[in-house]
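Everything numeric in this text was worked out from a predicted model, so none of it was measured. Order of the sequence lines sets the chain letters (A, B, ...), proteins ahead of strands, with each chain counted from 1.
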Amino acid sequence: MSTIDTASTPSPVLDVKGLSVTLRTPRGTVRAVNNVSFQAQAGKTLALLGESGCGKSMTAKAIAGLLDPVAEVEEGQMILDGQDLATMTARQRRKVAGPQLGIVFQDALTALNPVYKVGTQLGEAFRIHQKLSARQARSKAVELMQRVGIPEPESRVDAYPHQFSGGMRQRILIAMAVALNPSLLIADEPTTALDVTIQAQIMALLRSLREENNLAVVLITHDLAVVAEEADTVAVMYAGNVVETGTVAEVFANPRHPYTRGLLESVPVDAVRGSTLSSIPGNPPELHNVPSGCVYQSRCPLVQEVCRITRPELLPVRPASATAAPGVHHPGTVAQAAACHFSEELAHV
Amino acid sequence: MLVYLRKRIISSLLPLVVVVVGVFALARLTGNPASLYLPLNATDQMRADFTARQGLDQPLLVQMADYFGGVLRLDFGESLRTGEPAAAMALRAFPATLQLAATTMVIAIVAAVLVGCWAALKPNGIADRISSFVSMAAASIPDFWLAIVGIWIFAITLGWLPTSGVSGGEAWILPIATLMLRPFGVLVQIVRGAMVSALSEPYIKLARSKGASDARVVSHHALRNAAAPALTVAGDLTVGLVNGAVVVETIFGWPGIGKLMIDSILQRDFAVLQAAVLITAIAIFVLNILIDLGYALLDARVRPTVKA
């Protein structure tokens, strides 16, 4: 507020820089996340988009401090509200978990503890961080249930997870994540386990919570439609790497990485019954043998000799429209960048 | 809840009858008590008189009908050895067994939960390996061997503990130590397995995402989920002990139901044997109902729902 500078380029709530996560497997140590960077701004949604195994969930777990014991942050920074999560002790991270960072899991049925009442679980964050009594925590739980639109919270607070529908359980998970008004909310495939009408309700709830609380949301998804509707910026991940990033409008209108392009082309638009849907041939490389050049070379229709030798860096691309120069962008948005040797050529394909 | 209890009690009546019939028939296979209770030079007439007095000359079905008639009037017959009512003898022996079983199981469960959780925190870690070895050994050592070795070392060689009896607290140490080893060993493995699987559930990640400490995650979130399988096995093991730790009670001269059963079999004291078996069977049915209530207490999903 004090200077024009801070107002025009707000510092991000979450700034991930060069994050790498290694995974110990029986066949050796692999890099599940490789040199990933992105930013999440207050009041905005960043989508991490990619297919299963691309490292998007692993990235989310690394930020939330919930990596399995076999996984470990190898290098990089994860700066949340000015503090680097990567250098924190376990105790410091526990202090952050809840008050600053909330996470919504994919499957609410398995994520909720089956043997405790939802009220107990909703109130737990208050008991841990604010040392409230059981009675106070229970009334906080009722408030939370009201806030996420669960009917009759006064009586439902004493029900068990299995007594709720899938959509209501997901609401409970979301309520838990925002209980202590964190600045960052990570939503890891929050609607994948739900049917379509409920999906829309859950996304609407996340949107309204984001707007009310000026939350920075990191939305992990494989669903292009969800990204198009919900996200402001997107980071497309492939085989542990961010291959393209930018505003959703720019990236979707003008994808500058062949993988993004392939994904967008595989969405059936005006598909005629009986016509073949387009898909990307082949499978992502196994993490054990990611090729030394470009990670996408084995499936890329534009692959050249250079792609097999040098891995392209994620570099800003020249905008397709001539209205702006490369690297210059609107405040608070992200310049489109792609990790492809031929991103410029792609602009004109 | 009352509906549930009534159902359970009614459904356990038939098995109880089967148990009593079985024991009634099997006991009579051990032979005629006359050959034990009469002098070696007793005449055939004396044997016939004795047999007739005990009603043992009647057809088996008639004897059984008499017996069941008595049971319904809470008359379990008298001991051949002492003339005391059989029910009184069984009821006198039972608390000794129950105390021994309860103390043993409480110690075994507490120790097993602590060790099992400790092992589960780091699967294949050093603690896990040690506890796996110890619990395997504990579960595999035969109790009669351990009892005898225990008596030899602590009672005879060192003279620290009494060899047998129930005099004073020291007399409890060897029987409990002997009896708890197997339940402890088995339960450590069960608790460890259940905790490892509970700790890998998504709800553990959710708890951690709320800033819960390791101690809270283990004791609050994982343990209650791991308790159900442990309860099942602990229940079975307790049944084994309540049934009369026959061998251990005999070795340590513990005046419990197991020793009473063995003695009455050896003495062909049918009335006492039948009363002892019946009281044990009832205790086991009660225990099973308690275990079911335990499940319901731990996990709302298995609570019997009352239909409106």
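In this structure, B:Arg301 is not positioned above the aromatic face of A:Tyr160 in the sense of NZ or CZ being under 6.0 Å from the six-membered ring centre and within 45° of the axis.
Put simply, the side chain of B:Lys205 does not reach to within 4.5 Å of the side chain of A:Thr110, judged on heavy atoms. Between A:Val115 and B:Leu298 there is no side-chain heavy-atom pair separated by less than 4.5 Å. Contact of the B:Leu206 side chain with the A:Asn113 side chain is not registered, since no non-hydrogen atoms from C-beta on lie closer than 4.5 Å.
No other option in A:Met176, A:Arg93, A:Lys61 has as many heavy-atom pairs under 4.5 Å with chain B as A:Met176. Each of A:Arg127, A:Arg94, A:Arg91 has some count of heavy-atom pairs under 4.5 Å with chain B, and the biggest count is that of A:Arg94.
Within the 4.5 angstrom heavy-atom criterion, atoms from both the backbone and the side chain of A:Gln121 approach chain B. Heavy-atom distances place both the backbone and the side chain of A:Leu112 under 4.5 Å from chain B. The parts of B:Ser213 that come within reach of chain A are both its backbone and its side chain, each placing non-hydrogen atoms under 4.5 angstrom from that chain. With a 4.5 angstrom heavy-atom cutoff, A:Ile186 does not touch chain B via any of its atoms. At a 4.5 Å heavy-atom cutoff, A:Lys117 makes no contact with chain B through either its backbone or its side chain.
Note: A:Tyr116 and B:His221 have perpendicular aromatic rings, judged against thresholds of 30 and 60 degrees for the angle between ring planes.
Taking all atoms of both residues into account, the shortest heavy-atom contact from A:Glu124 to B:Ala212 is OE2-CB, 4.3 Å. Between A:Ile103 and B:Ser209, the shortest heavy-atom contact is CG2-CB, 3.3 Å. What you find for B:Pro202 and A:Ala111 is that their closest heavy atoms are CB-CA, 3.9 Å.
Heavy atoms from other residues, nucleotides or ligands lying under 6.0 Å from CG of B:Leu13 number more than 12.
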